[in-house]
Amino acid sequence: MPEILIINPATLELISTIPVPESSEIDIMISESAKAFKVWKNTPLSQRQIILIKIADSIDSKKDKLARLLTMEQGKPLHESIREIGAIASVFRLYANMPIEQETIRDDDNALITVSQEPYGVCGLILPWNYPVGLLGWKLAPCLLAGNSAIVKPSQYAPLAVMKCLEIMSQHLPGNLVQALPGGDIEGQYLVSHPGIARISFTGSQAAGKNILNNAGKNFQKITLEMGGNDPAIILPDCDIEKRFGSIFWGCFFNAGQICVAIKRIYVHEDLAPELIRRFREMAQSLKIGNGLEPGIQMGPINNERQLQKVEKLVEDARTRGATIVCGGDIISGTGYFFQPTVITDLDDSFALVKQEQFGPVIPILTYSDIDDAISRASGTGYGLGGSIWTENIEIGMKLAERLECGTAWVNSHMLVEHSAPFGGWKQSGIGRELGRAGLEEFLQSRTVYLKR
Ligand code: NAD
């Protein structure tokens, strides 16, 4: 039987091996899920809500153990893992309090017309490795509240904390309602191509998203795709760098830059560039980098070798084309997939590092002199997940934020996610929304009933 090997990216130790189901076993999982769905969809909403709360409480009570497991397989510092486990519990609580109501469109002498919201059936939930537990919550909580069943395919690089969460949840859920499908891209592809899957919710790369989009067409499956971002941060000449610097820096380097809505390009007004670059260099060089389980660690490794090589290649390309490596620029020698926090200047929008998503601890800093030019360059990559404006003039900041072509725009922050607000990408960053009411609606389809009087 094939298996996946889970490696600690900080120590390169083998943490676990997990057997991967054969396709015939996936078929059985899907048919068992369909049976569980038939019962769950008729379970009263109030009961489903109570179960979601119980799940949140159980996850909270195991927070420390789950966080350690997440850090071991993903690499992020422990305090970031604790925050992520807190996020899944809070998303389950959010959805537990969200109503699903029938609407009466017309009720008169001639007709009664009602619209109800119904679940789809068996959903395939596909997760990446960078924020696996948090994203499990974004997908699974609304999926279950809506009355669907789910098969969860965690990433082959970080499945353990997700699978542990599912095991904890199973104490509160009917058998087979939520099942874990450990495996790689092949198992993911098999799952989403299966005619028994009614709805797909995927988070990951554009390449995989495109493949899913093509496959989903064969069975007319409904899809939500949350894909990569290449978020710009535009720093206006009046920005108080001293005050804002910490937020700008961590907007780039939180989770070693492996966040879909991390700042991936900075456009700074040319007058502020020297100060900003100096501060970036000083802070990047002072970071405590290492195994996220050790106290005081501020930045962990890149999660896997494939991603480490991708980051290295983008930096190498920039170096070869004549960009200035202000600090960092190389893999850290020794054990683990560590890359130096890297700041790069003297490059333009044609560089691969600026056009593509690096998803690592590397930030290109570009300059501008005209704000209209900066806004147009910021929106010029084909991505549209997030973007931010940094200024002391709130009115101008809000106006400029509305000109960014993306699903979430921030003023004087980046990466803050409010669970009750919709989240998702414009353009090639996504299809559909997660979180908020919109995230629940992705898992519901309407049924209109006409009564002729
Ligand atoms: P990935 O696309 O390689 O893998 C993501 C998941 O999809 C994995 O579970 C993988 O096994 C599965 N998969 C791969 N190919 C598939 C296919 N053809 N059919 C079905 N499943 C398939 O992505 P990754 O490297 O794990 O994650 C990094 C990417 O995720 C980055 O681009 C990042 O920006 C993106 N991301 C986006 C968001 C968002 O909300 N927009 C959030 C986090 C991460």
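Along the sequence shown, the residues carry numbers beginning at 1. Ligands are counted one by one from 1 in listed order, and the atoms in each one are counted from 1 as well.
- Taking every heavy atom of Met227 and a limit of under 4.0 angstrom, the matching atoms of ligand 1 come to 37 (C), 38 (C), 39 (C), 41 (N).
- Under a 4.0 Å heavy-atom criterion, Tyr157 is not in contact with ligand 1.
- Every atom of ligand 1 is numbered from 1 in the order shown, and the set under 4.0 Å from a heavy atom of Thr203 is 5 (C), 36 (N), 37 (C), 38 (C), 39 (C), 40 (O), 42 (C), 43 (C), 44 (C).
- With hydrogens and angles left out, the side-chain atoms of Gln189 and Asn211 include a donor and acceptor closer than 3.5 Å.
- Residue-ligand proximity: Gly425 is placed with every non-hydrogen atom at 4.0 Å or more from ligand 1.
- A donor atom on one side chain and an acceptor atom on the other are found under 3.5 Å apart for Lys139 and Ser201.
- Side-chain atoms of Gln307 and Asn130 include no donor-acceptor pair closer than 3.5 Å.
- Looking at Gln117 and Ser446, their side chains never bring a donor and an acceptor atom within 3.5 Å of each other.
- Tested against Ile266 for a side chain to side chain contact (heavy atoms under 4.5 Å, CB included), the candidates Ile365, Thr367, Val343, Ile234 yield a single pass: Ile365.
- Glu434 does not count as a contact of ligand 1, since none of its heavy atoms falls under 4.0 Å from the ligand.
- Between Gly183 and ligand 1, a contact under 3.5 Å exists for no N or O pair.
- Ring-plane geometry between Phe280 and Phe253 is classed as tilted, the angle between the planes lying from 30 to 60 degrees on a 0 to 90 degree scale.
- If you check the side chains of Tyr190 and Asp27, you find a donor sitting under 3.5 Å from an acceptor.
- If you number the atoms of ligand 1 from 1 as listed, the ones under 4.0 Å from a heavy atom of Asn211 come out as 18 (N).
- For ligand 1, none of its N or O atoms has an N or O atom of Val192 under 3.5 Å away.
- Between the side chains of Ser413 and Arg244, no donor-acceptor pair of N or O atoms lies under 3.5 Å.
- Taking a 4.0 Å cut-off on heavy atoms, Pro154 registers as neighbouring ligand 1.
- Taking the six-membered ring where the residue is Trp, Phe249 and Phe245 present tilted rings, their angle falling between 30° and 60°.
- A donor atom on one side chain and an acceptor atom on the other are not found under 3.5 Å apart for His414 and Ser247.
- For Tyr383 and Trp426, the ring centers are positioned 6.0 Å apart or more.
- Between Phe359 and ligand 1 there is a heavy-atom distance shorter than 4.0 Å.
- Near Phe423, with a cut-off below 4.0 Å to any heavy atom, the atoms of ligand 1 are 40 (O).
- For atom 3 (O) of ligand 1, the closest non-hydrogen atom of the protein is Arg306 NH2, 3.2 Å.
- Glu418 and Ser420 share a donor-acceptor pair across their side chains, judged by distance under 3.5 Å alone.
- Looking at Gln156 against ligand 1, only its side chain comes within 4.0 Å, counting heavy atoms.
- At least one N or O atom of Glu357 sits closer than 3.5 Å to an N or O atom of ligand 1.
- Close contacts between ligand 1 and Gly188 involve ligand atoms 19 (N), 20 (C), 21 (N) [criterion: under 4.0 Å to a heavy atom].
- Here is the list of ligand 1 atoms found below 4.0 Å of a heavy atom in Gly184: 11 (O).
- Inclusion of Ser205 in the set of residues having an N or O under 3.5 Å from an N or O of ligand 1 is warranted.
- When non-hydrogen atoms are compared, ligand 1 lies under 4.0 Å from neither the backbone nor the side chain of Lys310.
- A 6.0 Å sphere centred on NZ of Lys54 holds no more than 12 heavy atoms belonging to other residues, nucleotides or ligands.
- Distances from atom 35 (C) of ligand 1 to the heavy atoms of Gly430, Cys260, Gly204 show the closest one on Gly204.
- Phe92 and Trp138 have their aromatic ring centers separated by at least 6.0 angstrom.
- The closest non-hydrogen atom to atom 9 (O) of ligand 1, taken over Asp231, Leu127, Ile212, Ile200, comes from Leu127.
- Checking only distances, Asp185 does come within under 3.5 Å of ligand 1, N or O to N or O.
- Distances shorter than 4.0 angstrom occur between a heavy atom of Ser155 and an atom of ligand 1.
- At a cut-off of 3.5 Å, with distance as the only test, a side-chain donor of Asp349 or Tyr267 sits close to an acceptor on the other residue.
- Of the heavy atoms in Leu385, only side-chain atoms (C-beta onward) come closer than 4.0 Å to ligand 1.
- The ligand atoms of ligand 1 that sit less than 4.0 angstrom from a heavy atom of Trp129 are 24 (P), 25 (O), 26 (O), 27 (O).
- Below 4.0 Å from some heavy atom of Ala208 lie the following atoms of ligand 1, by number and element: 2 (O), 14 (C), 15 (N), 16 (C).
- Looking at Asn130 against ligand 1, only its side chain comes within 4.0 Å, counting heavy atoms.
- Of the N and O atoms on the side chains of Thr408 and Trp410, not one donor lies less than 3.5 Å from an acceptor on the other residue.
- The proximity of Leu135 to ligand 1, defined as any non-hydrogen pair under 4.0 Å, is limited to the side chain.
- No side-chain N or O of Arg403 forms a donor-acceptor pair with one of Ser379 less than 3.5 Å apart.
- Contact annotation: for Ile126 versus ligand 1, heavy atoms closer than 4.0 Å belong to the side chain alone.
- Of the candidates Pro128, Ala262, Gly386, it is Pro128 that places a heavy atom closest to atom 27 (O) of ligand 1.
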